[in-house]
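Quick caveat: nothing in here was measured; it's all calculated off a predicted structure.
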Amino acid sequence: MNKCVTWMERLLIRLGIVSGFATLLIMAIVCIDVAGRFLFNAPLHSGTELSELLLVALVFLGLSAAQQQRQNFAIDVLMRHFPPAVQRVFDGLSYAVCFGLVVLLAWPSSKQALTSIERGESGFGIVAFPIWPSRIVLAVGLWLLALQFAIDLYRLLSGRRRQGGAGQGGAFVE
């Protein structure tokens with residue numbers, strides 16, 4: 001089980017890296033679009049739509065990696081004053097609640113993605129850019145975040161927590 005969990009977490013980190021490359025692609029698309037408009041009075045057709053798709057990938061493929069690395073926002077002004085046992089209980093509760101909330105978001109997102117695929121949903125514009133890939137990436141990203149919360153809860157309950165805090169992920173206590 002531990003090998004499977006470690007493998008999944010490595011996969012989620014790699015998807016986080018892939019999402020980082022989306023930033024580079026967005027910048028390249030915007031630069032090409034701006035240069036085309038300025039120099040040739042010819043914008044990059046579908047550049048905005050492609051940037052929107054990449055932005056969805058940037059955010060939703062990176063969510064689980066950010067959770068794994070503890071790089072999401074956390075307000076622990078009060079929590080750090082509690083004993084470690086109480087902190088563990090609150091961590092477990094927060095993982096369970098967040099897992100439930102993310103599943104509640106991922107389920108209808110998945111249904112919407114399937115409906116979008118069936119309809120061949122596309123946006124309005126000069127080029128009919130498909131919307132369904134964004135919906136798929138959004139749903140997959142939410143399911144991966146739910147998986148990461150489940151892994152966090154498993155690690156907490158089994159006593160195999162990660163070492164370090166934000167930015168020090170990847171080092172595991174086995």
Side-chain angles (χ1 to χ4, degrees), residues 1-33 44-75 91 94-123 125 127-156 160-172:
M1 180 69 170
N2 291 330
K3 288 182 181 181
C4 181
V5 167
T6 302
W7 183 83
M8 287 304 298
E9 286 188 320
R10 287 186 181 141
L11 173 68
L12 296 176
I13 286 294
R14 288 184 180 111
L15 286 175
I17 293 169
V18 168
S19 78
F21 280 110
T23 305
L24 179 66
L25 292 174
I26 291 169
M27 290 183 345
I29 289 167
V30 169
C31 288
I32 292 168
D33 189 35
L44 180 63
H45 295 298
S46 305
T48 303
E49 292 84 356
L50 184 57
S51 293
E52 290 170 356
L53 170 63
L54 289 170
L55 186 61
V56 170
L58 168 71
V59 172
F60 285 93
L61 292 181
L63 281 175
S64 55
Q67 170 59 29
Q68 186 183 128
Q69 299 292 314
R70 304 294 180 258
Q71 293 176 341
N72 289 327
F73 287 106
I75 302 172
D91 283 346
S94 68
Y95 293 151
V97 168
C98 288
F99 173 80
L101 289 173
V102 172
V103 167
L104 283 175
L105 293 171
W107 184 256
S109 296
S110 299
K111 288 170 52 176
Q112 182 66 38
L114 291 174
T115 302
S116 182
I117 292 169
E118 289 171 359
R119 293 181 180 170
E121 187 178 13
S122 61
V127 176
F129 198 84
I131 293 176
W132 57 266
S134 297
R135 295 196 190 277
I136 292 171
V137 170
L138 188 145
V140 167
L142 287 173
W143 283 114
L144 292 174
L145 180 60
L147 174 65
Q148 183 58 52
F149 279 122
I151 289 171
D152 288 342
L153 189 58
Y154 164 76
R155 283 196 175 277
L156 181 72
R160 291 180 170 86
R161 296 190 51 146
R162 280 179 215 87
Q163 294 177 342
Q168 296 180 2
F172 302 106

Once you round to the nearest 0.5 Å, how far does OG of Ser109 lie from CG of Leu104? 10.5 Å
Taking side chain as C-beta onward, heavy atoms only, is Phe99 less than 4.5 Å from Leu145? no
Which of parallel (below 30°), tilted (30 to 60°) and perpendicular (above 60°) describes Phe149 and Tyr95? tilted
Just verifying a value: how many Å separate Arg155 CZ and Asp91 CG, rounded to the nearest 0.5 Å? 14.5 Å
How far apart are the C-alpha atoms of Arg70 and Asp152, what are their side-chain angles, what is the distance that settles it, and do they pass the salt bridge (Lys or Arg N to Asp or Glu O under 4.0 Å) test? CA-CA 11 Å; Arg70 304 294 180 258; Asp152 288 342; 3.4 Å; yes
Just wondering, are more than 12 heavy atoms of other shown residues or ligands nearer than 6.0 Å to OH in Tyr154? yes
Is any side-chain heavy atom of Lys3 less than 4.5 Å from a side-chain heavy atom of Trp7? no
Any idea which heavy atoms bring Pro108 and Val103 closest together, and the distance? CD-O, 4.5 Å
Hey, does the side chain of Ser110 reach the backbone of Ala106 with a donor-acceptor pair shorter than 3.5 angstrom? yes
How long is the span from the CD atom in Glu9 to the CG atom in Leu147, to the nearest 0.5 Å? 8.5 Å
Side-chain heavy-atom pair Met8, Gln148 within 4.5 angstrom cut-off: no
Pair up each side-chain donor or acceptor in residues 134-141 with any protein partner under 3.5 Å, not counting sequence neighbours, and list the distances.
{"residue": "Arg135", "atom": "NE", "partner": "Glu121", "partner atom": "OE1", "Å": "2.9"}
{"residue": "Arg135", "atom": "NH2", "partner": "Glu121", "partner atom": "OE2", "Å": "3.1"}

Could you state the interatomic distance from CG (Leu63) to CG (Leu144), rounded to the nearest 0.5 Å? 9.5 Å
Are the side chain of Ser19 and the backbone N or O of Gly16 linked by a donor-acceptor pair below 3.5 Å? yes
Working to the nearest 0.5 Å, report the span between CG of Leu12 and CD1 of Ile17. 11.5 Å
With Leu54, the side-chain contact (heavy atoms from CB on, under 4.5 Å) member among Leu25, Leu24, Thr23: Leu25
Of Val127, Ile29, Asp33, which meets side-chain contact (heavy atoms from CB on, under 4.5 Å) against Ser46? Val127
